[in-house]
Amino acid sequence: MRTRPLKVALLGCGVVGSEVARIMTTQAADLAARIGAPVELAGVAVRRPDRVREGIAPELVTTDATALVKRGDLDVVVEVIGGIEPARTLITTAFAHGASVVSANKALLAQDGAALHAIAEEHGKDLYYEAAVAGAIPLIRPLRESLAGDKVNRVLGIVNGTTNFILDKMDSTGAGYQEALDEATALGYAEADPTADVEGFDAAAKAAILAGIAFHTRVRLDDVHREGMTEVTAADFASAKEMGCTIKLLAICERAADGGSVTARVHPAMIPLTHPLASVRGAYNAVFVESDAAGQLMFYGPGAGGAPTASAVLGDLVAVCRNRLGGTTGPGESAYAALPVSPMGEVVTRYHISLDVADKPGVLAQVATVFAEHGVSIDTVRQQGKDGEASLVVVTHRASDAALGGTVDALRKLDTVRGVASIMRVEGE
C-alpha cells in the first residue's frame with residue numbers, strides 16, 4: 001500500500017458534505033485498504049465558517065473555495081454545494097489544477113454535463129456523479145458500465161422521494177394534495193419551498209442524466225418534457241383504483257420503436273398495481289430498466305438523505321482514487337449515438353380522460369365520434385349520471401400526445417361537454 005495519502009477537498013459541508021467527512025474519518029482504515037492508499041481531507045469550503053463541524057479540524061475550514069481548488073496538490077475535489085454557479089466554475093478550475101471531481105450536482109450535470117465531460121477529458125481527469133441521481137441507489141455506474149455492452153430501450157422510475165411520499169400518502173389515506181404536502185413538510189421530506197420537487201424540476205434533471213447515459217446521446221434539461229403533480233386529486237386516485245392502478249410521478253426515458261430517436265419526460269401517471277413500481281412506498285426511489293439482453297432490471301432504495309447520498313459519493317471517491325493510483329481514468333461521456341430527442345407531441349401512450357358532461361341521450365356517441373375523428377381508439381368507457389349531469393371516463397388505446405391534445409380541444413367545443421376534469425397518462429403496461 002502506498003503511504004503518501006491522496007488529498008481530497010470538500011466543497012460544501014451541509015447534510016451530505018458533513019456525512020462524507022464523517023465517513024472519511026470513521027472509516028479511514030477501510031477506505032485506505034480498498035483504495036490502496038490513505039485518503040486525507042485536505043480542506044473544506046463552506047459559507048459559514050463559525051458553525052461547529054464535529055470531526056473536522058477548524059484549520060481545514062475555509063470560505064475561499066476558489067483558492068482551495070487552485071492549490072495544485074489535490075487529487076480529488078468533492079462538490080456537494082449544488083446549483084449552477086459557483087459550482088461550475090469551481091469544478092472546471094479543479095480540473096485545470098490537476099484534480100478529478102466527484103459531484104452530486106444533478107442540476108449542473110443536466111444543463112452542462114457535456115461541457116464538463118469535455119473539460120475533464122481535456123485535462124485527463126475523472127468526472128463521477130453517482131450521487132446526482134437516486135441517492136444511494138447504484139444506477140449511473142450500472143448504466144454506464146455494467147450495461148455498456150447491452151442496448152437499453154427504456155428507463156422508467158420514481159426518482160424523487162418527496163413526491164412519492166406525498167402521492168403514497170394520498171393513495172393510502174385518501175388525503176388531498178395539500179394535506180399530504182403539509183405532512184411531508186412537517187416530517188422533513190419536503191422543503192419550505194417544494195417547487196423543485198412537486199413541479200418535477202428535480203426529476204427532470206435526473207431524467208436528462210439517465211437518458212443521456214442510457215442512450216449514448218446528449219440530452220439536456222431543456223429536452224425533457226415536465227409536468228408537476230400539484231393538480232393530482234383524491235378523485236384521480238379513486239379512478240386509478242377502479243382501474244387497478246395507482247399514481248406515481250415518473251421519469252420516463254424511451255428509445256423509439258424504430259431506434260431512430262429518444263424521448264425524456266416527467267409527469268404523473270397511472271401504473272398497474274401489478275407493476276413493481278406501484279409498490280414503492282414512502283420517500284423511497286426505484287428505477288426500472290429494460291434492455292435487449294438483460295431484460296428487466298429494477299434498482300430500489302433510499303433516494304435522498306445525508307448518509308445514503310454520502311454512500312454514493314464515497315463509492316465514486318474510491319473509484320476515482322483507484323484510477324488516480326493506476327494513472328488512468330474511468331468512463332467519460334458516451335454520446336456517439338447522437339440520437340434526436342423527439343418532442344412530447346410524438347410520444348405514444350395510453351390516456352385516462354375524465355369529462356363532465358350533460359346526462360342525456362347521444363352524449364356518448366358525440367364524444368366517441370370526436371375520438372374517432374382524431375384517430376384515437378377508445379379502450380373502455382364508464383358513465384355515471386345524476387340530476388342532469390354526468391361523469392364520463394374514457395380510457396384510450398395507445399395514441400400520440402398530439403392526437404390526444406387535438407381530441408381534447410375538440411371535446412371542449414361540444415355543448416354537451418361541461419369540462420375536462422382530468423387527463424392522465426397510463427404507463428407501465
Could you tell me which non-hydrogen atom of Gly200 sits nearest to which non-hydrogen atom of Val266, and how far apart they are?
O-CG1, 4.1 Å
Classify the side-chain pair Asn285/Asn164 by whether it contains a donor and acceptor separated by less than 3.5 Å.
no
Between Asp193 and Thr195, a side-chain donor and acceptor under 3.5 Å:
yes
Taking CD in Glu145 as the centre, count heavy atoms belonging to other residues, nucleotides or ligands within less than 6.0 Å. Is the count above 12?
yes
Before you tell me yes or no, could you show the steps for Arg154 and Glu427 under salt bridge (Lys or Arg N to Asp or Glu O under 4.0 Å), namely the whole-Å CA-CA distance, both residues' side-chain angles and the distance that decides it to 0.1 Å?
CA-CA 12 Å; Arg154 195 178 198 217; Glu427 301 284 349; 3.0 Å; yes
Donor-acceptor pair, side chain of Asp197 and main chain of Thr162, under 3.5 angstrom
no
Can you tell me how far the CZ atom of Arg88 sits from the CG atom of Leu108, to the nearest 0.5 Å?
6.5 Å
Is the ring centre of His117 less than 6.0 Å from the ring centre of Tyr129?
yes
Any chance the side chains of Ser422 and Ser354 put a donor and an acceptor closer than 3.5 Å?
no
Under the side chain to side chain contact (heavy atoms under 4.5 Å, CB included) criterion, do Arg412 and Val420 qualify, and how do the steps go?
CA-CA 7 Å; Arg412 295 183 194 276; Val420 179; 3.7 Å; yes
Separation between CD (Glu242) and CE (Met270), nearest 0.5 Å, reads 9.5 Å
CD (Glu121) with more than 12 external heavy atoms under 6.0 Å:
no
Taking atom CG of Asp112 and atom CD of Glu85, what is their separation to the nearest 0.5 Å?
8.5 Å
Examine distances only and state if a side-chain atom of Lys125 and a backbone atom of Ala96 form a donor-acceptor pair shorter than 3.5 Å.
no
Okay, side chain of Asp316, backbone of Val313: is any donor-acceptor separation there less than 3.5 Å?
no
Got a donor-acceptor contact below 3.5 angstrom from the Ser239 side chain to the Ala235 backbone?
yes
Any cation-pi pair here, Arg226 with Phe201, using under 6.0 Å and within 45°?
yes
Quick one: do Ile271 and Thr246 satisfy side chain to side chain contact (heavy atoms under 4.5 Å, CB included)? Show the steps, please.
CA-CA 6 Å; Ile271 59 171; Thr246 189; 4.0 Å; yes
Can you check whether His267 reaches Ile252 side chain to side chain, under 4.5 Å on heavy atoms?
yes
Scanning both residues in full, the closest heavy-atom pair of Gly12 with Val80 reads O-CG2, 3.5 Å
Crowded around Tyr284 OH? As in, over 12 foreign heavy atoms under 6.0 Å?
no
Is there a side-chain contact between Glu254 and Asn153 in this structure, where contact means two heavy atoms from C-beta onward sitting under 4.5 Å apart?
no
Compare all side-chain heavy atoms of Val76 with those of Cys321 and state whether any distance is below 4.5 angstrom.
yes
If I compare all heavy atoms of Ala240 with all of Ile247, which pair ends up nearest, and what's the gap?
CB-CG1, 4.0 Å
Which is it for Asp401 and Arg425 under the salt bridge (Lys or Arg N to Asp or Glu O under 4.0 Å) test, yes or no, and what are the steps along the way?
CA-CA 9 Å; Asp401 191 80; Arg425 297 172 183 88; 2.8 Å; yes
Kindly say whether Met170 contributes a backbone atom to a donor-acceptor pair with the side chain of Thr173 at under 3.5 angstrom?
no
Counting only heavy atoms not in Glu231, do more than 12 fall under 6.0 Å of its CD?
no
Is any NZ, NE, NH1 or NH2 atom of the basic residue among Lys169 and Glu179 found under 4.0 Å from an Asp or Glu carboxylate oxygen of the other?
no
Run the side chain to side chain contact (heavy atoms under 4.5 Å, CB included) check on Val280 and Met298 step by step: do they pass?
CA-CA 11 Å; Val280 178; Met298 182 164 161; 4.0 Å; yes
Minimum side-chain heavy-atom gap Asp75-Val8 below 4.5 Å:
no
Which heavy atom in Leu147 sits nearest to a heavy atom in Val289, and how many Å separate them?
CD1-CG1, 4.1 Å
Cation over ring, Arg398 on Tyr351, under 6.0 Å and within 45°?
no
Given the rule in the salt bridge (Lys or Arg N to Asp or Glu O under 4.0 Å) test, do Arg22 and Glu54 qualify, once you have shown the distances and angles that lead to the verdict?
CA-CA 8 Å; Arg22 182 188 67 79; Glu54 186 177 349; over 6 Å; no
Are Val102 and Val77 side-chain neighbours, meaning at least one heavy-atom pair lies under 4.5 Å?
no
Can you give me the closest heavy-atom contact between Ala269 and Met424, atom names plus distance?
CA-CG, 4.0 Å
Heavy-atom pair of closest approach, residues Ala42 and Lys7:
CB-CB, 4.0 Å
Please round to the nearest 0.5 Å and tell me the distance separating atom NE2 of His397 and atom OG1 of Thr380.
8.5 Å
Say whether Thr329 and Asn323, considering side chains only, have a donor N or O and an acceptor N or O under 3.5 Å apart.
no
Between Asp168 and Gly282, is there a donor-acceptor pair closer than 3.5 Å when you use the side chain of the first and the backbone of the second?
yes
Yes or no on side chain to side chain contact (heavy atoms under 4.5 Å, CB included) for Thr263 and Val341, after CA distance, side-chain angles and deciding distance?
CA-CA 5 Å; Thr263 59; Val341 182; 5.6 Å; no
Under 3.5 Å, is there a donor-acceptor pair between the Thr185 and Asp182 side chains?
no
Go through it in stages, so that I can follow the logic: the residues are Glu333 and Arg218, the test is salt bridge (Lys or Arg N to Asp or Glu O under 4.0 Å), and I'd like the CA-CA distance, side-chain angles, deciding distance and then a yes or no.
CA-CA 9 Å; Glu333 183 191 31; Arg218 287 178 178 170; 2.9 Å; yes
Distance col, row Leu210:CG vs Arg144:CZ, nearest 0.5 angstrom, shows 12.0 Å
Do Asp126 and Val101 touch side chain to side chain, with heavy atoms closer than 4.5 Å?
no
Contact check, side chains of Ile81 and Pro86, non-hydrogen atoms, under 4.5 Å
yes
Do Leu10 and Val20 touch side chain to side chain, with heavy atoms closer than 4.5 Å?
yes
Main chain of Phe215, side chain of Thr217: is a donor-acceptor contact present, judged purely on distance under 3.5 Å?
yes
Checking Arg141 side chain against Leu139 main chain: does a donor-acceptor pair fall under 3.5 Å?
no
Please check this pair: side chain of Arg47 against backbone of Thr63, looking for a donor-acceptor N/O pair closer than 3.5 Å.
no
Which value, rounded to the nearest 0.5 Å, describes the distance between Leu249 atom CG and Ile158 atom CD1?
9.0 Å
Indicate yes or no for a side-chain donor-acceptor contact from Ser18 to the backbone of Val15 under 3.5 Å, with no hydrogens or angles considered.
yes
